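One structure is given here, and the rest of the page talks about it.
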Amino acid sequence: MEDVQQWADGRGVPLSRVGVSGLRYPIVVLDRANAKQQTTGEFSLSVALPECVKGTHMSRFVEVLNDNRGEVTIHTIPHILDQIQTRLGSHEAQLRIEFDYFLERAAPVSGSLGLMDYRCSFDALTNERGVEFSVGVTVPVTSLCPCSKEISDYGAHNQRGLIELAVRTGRDSGEIVWIEELIEVAERSASCPVYPLLKRADERHVTMKAYDNPVFVEDMVRNAALELRDDPRVTWFRVRAENAESIHNHSAFAETSWTEGAW
């Protein structure tokens with residue numbers, strides 16, 4: 001049958017990304033405590049398309065993914081990207097996976113156990129310069145307002161916020177920054193972690209811990225940024241914090257990014 005995708009295109013417009021998105025597949029990711037964890041990933045797979053080619057073969061992305069069902073990590077993603085490049089005949093291939101990651105967390109005083117879910121992502125790109133890989137995670141936290149604490153006769157307002165971290169290691173380095181490590185960085189940057197299950201003694205503990213450690217969104221971003229900058233494995237990062245304000249009809253946010261040697 002006629003291969004319409006391979007017809008010539010004379011409009012002279014190259015496309016940086018052409019592919020499929022919203023593709024859900026079971027995956028296995030590395031788990032620091034339990035070696036591996038099964039979850040479901042939502043994939044976006046794409047290639048760069050030169051200006052002279054009309055289209056790409058979308059079905060081949062699904063074929064590559066189906067051939068690589070199983071562990072999806074910094075170690076296996078380069079192979080998946082290489083297959084996409086080969087099957088699609090492109091000089092550049094990209095991949096993004098979003099997935100839920102679960103950790104068992106113990107309450108700080110009672111030790112009561114529950115599962116916390118975190119939204120995570122892998123982003124990868126390969127071209128003639130090598131493979132570029134980043135891992136991201138969104139972490140719920142508690143923050144207590146320093147201004148509120150300073151000006152109030154008693155108490156201070158706090159809120160639940162989200163800290164989003166994304167980090168990249170060196171090209172082709174194979175070094176792992178664990179999802180758990182990023183979660184710990186985010187929680188250390190906030191007033192207090194968020195837990196899945198709290199008894200009364202735990203609630204007392206987290207309330208006072210937050211009160212003793214007030215932070216603005218600006219503080220949370222700077223706290224996380226300095227810790228990531230000092231990690232020798234990290235060559236790039238992006239940090240964003242957003243609070244769903246408890247006494248305002250809006251949210252507050254701060255964001256920064258860094259590339260090795262920038263500051």
Side-chain angles (χ1 to χ4, degrees), residues 1-27 29 40-70 72-100 119-138 162 164-174 177 234-240 242 253-263:
M1 289 187 288
E2 185 73 27
D3 189 354
V4 178
Q5 284 94 336
Q6 292 303 295
W7 286 2
D9 193 289
R11 286 168 286 185
V13 181
L15 301 177
S16 58
R17 295 195 177 193
V18 176
V20 299
S21 62
L23 185 59
R24 293 173 60 83
Y25 254 71
I27 62 173
V29 297
T40 300
E42 183 169 326
F43 286 75
S44 173
L45 306 169
S46 58
V47 293
L49 192 69
E51 68 275 7
C52 59
V53 180
K54 186 174 185 62
T56 194
H57 296 86
M58 300 295 184
S59 63
R60 295 181 185 176
F61 292 106
V62 184
E63 289 173 344
V64 170
L65 183 57
N66 193 59
D67 290 342
N68 288 275
R69 286 184 296 176
V72 178
T73 68
I74 189 174
H75 302 304
T76 62
I77 283 176
H79 175 67
I80 296 173
L81 290 173
D82 181 66
Q83 284 191 302
I84 291 173
Q85 276 187 292
T86 301
R87 294 292 301 275
L88 278 301
S90 178
H91 71 279
E92 183 171 290
Q94 305 95 12
L95 172 152
R96 178 175 174 81
I97 315 168
E98 296 183 8
F99 57 95
D100 291 321
R119 192 63 176 168
C120 301
S121 64
F122 293 150
D123 284 275
L125 175 147
T126 187
N127 53 31
E128 65 276 3
R129 297 188 300 275
V131 178
E132 198 172 76
F133 177 88
S134 64
V135 56
V137 61
T138 299
L162 295 174
E164 301 173 21
L165 305 178
V167 303
R168 186 181 302 149
T169 56
R171 281 182 180 266
D172 307 314
S173 69
V177 176
V234 175
T235 60
W236 170 90
F237 65 73
R238 182 180 63 250
V239 181
R240 177 185 171 91
E242 182 166 336
F253 79 94
E255 182 174 330
T256 193
S257 61
W258 172 88
T259 301
E260 192 171 27
W263 41 264

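We use all heavy atoms of the structure for the numbers below, so side chains are in, but hydrogens, waters and symmetry mates are not. Just so it is clear, the structure is predicted and the values come from calculations on it, not from any experiment.
Considering only residues two or more places apart in sequence or on other chains, Glu164 meets the side chain to side chain donor-acceptor pair (under 3.5 Å) condition with none of them. In terms of the side chain to side chain donor-acceptor pair (under 3.5 Å) criterion, Arg24 has no residue partners (sequence neighbours excluded). With sequence neighbours excluded, the residues that form a salt bridge (Lys or Arg N to Asp or Glu O under 4.0 Å) with Glu98 are Arg96, Arg119. Taking the salt bridge (Lys or Arg N to Asp or Glu O under 4.0 Å) definition, one finds that Arg240 meets it with Glu242, Glu255, sequence neighbours left out. Considering only residues two or more places apart in sequence or on other chains, Arg168 meets the side chain to side chain donor-acceptor pair (under 3.5 Å) condition with none of them. In this view, Glu92 satisfies the salt bridge (Lys or Arg N to Asp or Glu O under 4.0 Å) rule with no residue, not counting sequence neighbours.
Taking both residues in full, the closest heavy atoms of His57 and Leu88 are given as O-CD1, 3.5 Å, listed atom of the first, atom of the second, then distance. Minimum interatomic distance between Ala48 and His91 (heavy atoms only, all atoms of both residues): CB-CE1, 3.7 Å.
Between Thr126 and Asp82 there is no side-chain heavy-atom pair separated by less than 4.5 Å.
Relative ring orientation between Phe133 and Phe122 is described as tilted, the plane-to-plane angle lying within the 30° to 60° band.
Looking only at atom types and distance, the side chain of Gln83 has no donor-acceptor partner in the side chain of Asp67 under 3.5 Å away.
Other residues, nucleotides and ligands place more than 12 heavy atoms under 6.0 Å from the OH atom of Tyr25.
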